[in-house]
Protein chains: 2
Amino acid sequence: MNDGATAKVSVDEKRGKRPKSATIKDVAAEAGVSLQTVSRVINKGPNVRPAIVERVNAAIEKLGYVPSLAARRMAGKRSYLLLALNDRDRTIEGWRSGDGTDWVDQMLLGGMLECAKHGYRMIFELVDTHSSNVERELTSALGAIHPDGVILTPPHGDNPIIRHLLTEKHIPFARIGSAGPGPGFAIAMDDAAAAAAAVNHLVALGHRRIAYITGSDEYALSAARLKGYRDAMAKAGLGADDSLVARGDFTYQSGIESAQRLLALADRPTAIVASGDQMSLAALEVANSEGFSVPDDLSIVSFDNTPIVKFSAPSFTAIRQPISEMTARAAQLLINGGKTDRESGPDILPFDLIVRGSTAPPPQRA
Amino acid sequence: MNDGATAKVSVDEKRGKRPKSATIKDVAAEAGVSLQTVSRVINKGPNVRPAIVERVNAAIEKLGYVPSLAARRMAGKRSYLLLALNDRDRTIEGWRSGDGTDWVDQMLLGGMLECAKHGYRMIFELVDTHSSNVERELTSALGAIHPDGVILTPPHGDNPIIRHLLTEKHIPFARIGSAGPGPGFAIAMDDAAAAAAAVNHLVALGHRRIAYITGSDEYALSAARLKGYRDAMAKAGLGADDSLVARGDFTYQSGIESAQRLLALADRPTAIVASGDQMSLAALEVANSEGFSVPDDLSIVSFDNTPIVKFSAPSFTAIRQPISEMTARAAQLLINGGKTDRESGPDILPFDLIVRGSTAPPPQRA
DNA sequence: ATGAAAGCGCTAACAC
DNA sequence: GTGTTAGCGCTTTCAT
């Protein structure tokens, strides 16, 4: 048979097909070897002579062959897919409102790029952690995708139903921002140390009345941060004044309420550590509207280094969480060591305290 | 055979399998029908008696069955996958710097949710539009995923190599923010009208010296916006002073340079329309550092309504692009009408002009 | 070191 | 209306 476009077209036409991607079969024919040998080359298997490897690779190159993910998943045990799960309501609400949280972006950054390095792909899905449908939603995603591993972001990593389901199905998973013991790889930053770092920064500036706005209890890291705050306060000899702790839930609204309560205190705090960017922004808003200047009258430290806290006026001193790094680490563990969960304690990645304009020495007291 | 957990476990053990997801076979057995009937029910095919449908659905429900995407793609012509392509460098750079652009988020919002409605999934990938590898990268993604459709975001929608490759492979695609003629569904907002709206808003405030900072020429929408600006200026009888048009490329740096040049003009503009959030921010920065107050001395309109332009001080009057709406529309067209490209002109979605604190009447001239 | 055969879970033709 | 038969493109056995 003759070469070139004409032949190709006629074959395609004969089969009534449109120009399709090359398959492993085409490569095998082109290289004059069996399917199996091509498969071995693709998967870097042993027992192939270098000369043949070369030949096969040339054929792959020539035909622009790429293995079909679907076929590989069908035949083999691996799907080359990682599933990243975020909380549906919170994520969608964030997108809708344009609240400037870049959690998802940072996750994609770390996760997608790491996956790409290993020939994997990351599929991003939303699952409602509250609803009684968690199980159904997760089962559905797992059934459709058959991922080789799952990346759980807060608060999914602390959700017992999800952890149980994944464990039961023997699907390796990583919990981001979930440092506690349990199944799956735990990957987190040291939330307690971060809260302490925020407190210490303020103490170093001379603050003594340092308040704290918590996050939602649903997130295990909320407790860790609170403990870090309390320990740091104690260590600085600043006692345990529970009126300085306000209960928030990461939302702007809860930040407003918390800040209002704190600033109405008889012995008003000179600084607030808020465990989330929306709550920090809310605290700034309350401070401004009540006539307090930030940072002159009140210092604020944010626990999320999101774009908006950098561009607000003043810009915020903030904890930078290593979100992309944690996600990348999760992907890496899942892809390489994905077989066995290790209960050997969490993987702790470093955070940063980035000092900007929202913190300053406290005002002189009368 | 007896029911319950014991039986299930023993079967699993006999086969040496871990508890797997149910397959269509299991459902068929459970419902006492053939595979094909189950398949018909799943795909809402005709020719199944309601009673049987009921029975099959009950079995599906009971077993928690979910069809495997991979298997469906293998056997059928559809993969139930849409591929969304973003520009690699720009996207990663945005994520790394935390520049607060939420393009990707808005895309996910519109695209994922629309896909979910139809039982589809959206896979998000990065492709370098510049590199000579575009073709290789795209081929690779298409070969691995075999999407039923591709969503192109700027500037990919205007990239001839990508358009050609997709056309050649007969893969339906949608071009977001690419209104020009050509293959694929064109979905855009009226960029010219948006630029005109910005100008008109400023004219209504009393401005006459209105400058414009363009975006990169690589984006077809840049030309459309510039035309909109020019036409609106002409219509307002504000002539054609080309010194009022500065060439930017969407980057902060280009915004700095453009704004510096514009503000150094002998006959200084009293307002600037910048076709991107980073350039708007840059203009604000330049204005501030040169002692001009925004909006008292200079009004600025941003062309991206990103989180950071809302939280800056002052917050920006901005064009809101219907990113999530465009992406949702793209997904919808690809899923439903995905077979045929229509050359019947672009699908134009409405934008908004959101007035905030960065625009005000011009200062009184001496 | 290589090839041949079986089959993954499903859909697309066909039969009935 | 429903069941049967072939594959889809690969990876797994298992032969050789």
Side-chain angles (χ1 to χ4, degrees), chain A residues 15-18 20-56 59-60 63-81 119 140 142-146 148, chain B residues 15-18 20-56 59-60 63-81 119 140 142-146 148:
Chain A
R15 297 198 187 141
K17 291 179 187 177
R18 47 179 185 168
K20 312 180 37 185
S21 321
T23 72
I24 195 172
K25 227 167 164 174
D26 302 322
V27 176
E30 173 76 27
V33 296
S34 72
L35 301 188
Q36 188 41 36
T37 301
V38 177
S39 178
R40 284 191 182 101
V41 172
I42 296 169
N43 299 297
K44 306 190 194 310
N47 298 349
V48 190
R49 274 184 315 196
I52 301 265
V53 173
E54 196 103 341
R55 191 134 55 91
V56 170
I60 289 177
L63 299 173
Y65 167 74
V66 183
S68 155
L69 268 186
R72 298 184 95 176
R73 132 87 182 97
M74 284 293 293
K77 349 190 144 300
R78 287 197 294 179
S79 64
Y80 297 91
L81 255 24
S140 163
L142 296 177
I145 298 170
H146 293 275
D148 291 340
Chain B
R15 297 198 188 142
K17 292 178 187 176
R18 49 180 186 168
K20 311 180 38 185
S21 320
T23 73
I24 196 173
K25 227 167 163 175
D26 302 323
V27 176
E30 173 76 27
V33 296
S34 72
L35 301 189
Q36 190 42 35
T37 301
V38 177
S39 178
R40 286 190 181 101
V41 173
I42 294 169
N43 298 298
K44 304 193 196 308
N47 300 347
V48 190
R49 273 183 314 196
I52 302 266
V53 173
E54 196 102 341
R55 192 136 54 92
V56 170
I60 289 175
L63 269 42
Y65 167 75
V66 183
S68 156
L69 269 187
R72 298 184 96 177
R73 132 87 181 96
M74 285 293 292
K77 352 188 139 303
R78 289 198 293 179
S79 65
Y80 297 91
L81 255 24
S140 164
L142 295 177
I145 298 171
H146 293 274
D148 291 340

Using whole Å, what does the distance between atom P of nucleotide D/dG9 and atom NE2 of B/H146 come to?
8 Å
To the nearest angstrom, how far is B/I60 atom CD1 from C/dC10 atom C1'?
13 Å
Heavy-atom closest contact ([X] atom, [Y] atom, distance):
{"X": "A/L35", "Y": "A/K25", "value": "CD2-CA, 3.6 Å"}
{"X": "B/S21", "Y": "A/G143", "value": "OG-CA, 4.3 Å"}
{"X": "A/T23", "Y": "A/Y65", "value": "C-CE1, 3.4 Å"}

Stems for DNA chain C (at least 3 consecutive Watson-Crick or G-U pairs, under 3.5 Å) come to C:1-11 with D:6-16, C:13-16 with D:1-4
How far does [atom1] of [X] sit from [atom2] of [Y], to the nearest 0.5 angstrom?
{"X": "A/H146", "Y": "A/K77", "atom1": "NE2", "atom2": "NZ", "answer": "14.0 Å"}
{"X": "B/M74", "Y": "A/R72", "atom1": "CE", "atom2": "CZ", "answer": "13.0 Å"}
{"X": "B/I145", "Y": "B/L69", "atom1": "CD1", "atom2": "CG", "answer": "11.5 Å"}

Please check the phosphate of D/dG3 (OP1 and OP2 only) for any side-chain N or O of B/T37 closer than 4.0 Å.
yes
Between B/R73 and D/dC8, is there a contact of a side-chain N or O with OP1 or OP2 at under 4.0 Å?
no
Which of these passes side chain to side chain contact (heavy atoms under 4.5 Å, CB included) with A/T37: A/V27, A/I42, A/V48?
A/V48
Reference residue B/R49; test side chain to side chain contact (heavy atoms under 4.5 Å, CB included); the match among B/N47, B/V53, B/I52
B/I52
Might you list the N or O atoms of the protein lying below 3.5 Å from N or O atoms in nucleotides 10-14 of chain D, with each pair's distance?
from, atom 1, to, atom 2, distance (Å)
D/dC10, OP1, A/Y65, OH, 2.9
D/dC10, OP2, A/I24, N, 2.8
D/dC10, O5', A/Y65, OH, 3.2
D/dT11, OP1, A/N43, OD1, 3.4
D/dT11, OP1, A/N43, ND2, 3.2
D/dT11, OP1, A/R72, NE, 3.0
D/dT11, OP1, A/R72, NH2, 3.4
D/dT11, OP2, A/S39, OG, 2.7
D/dT12, O4, A/Q36, OE1, 2.5

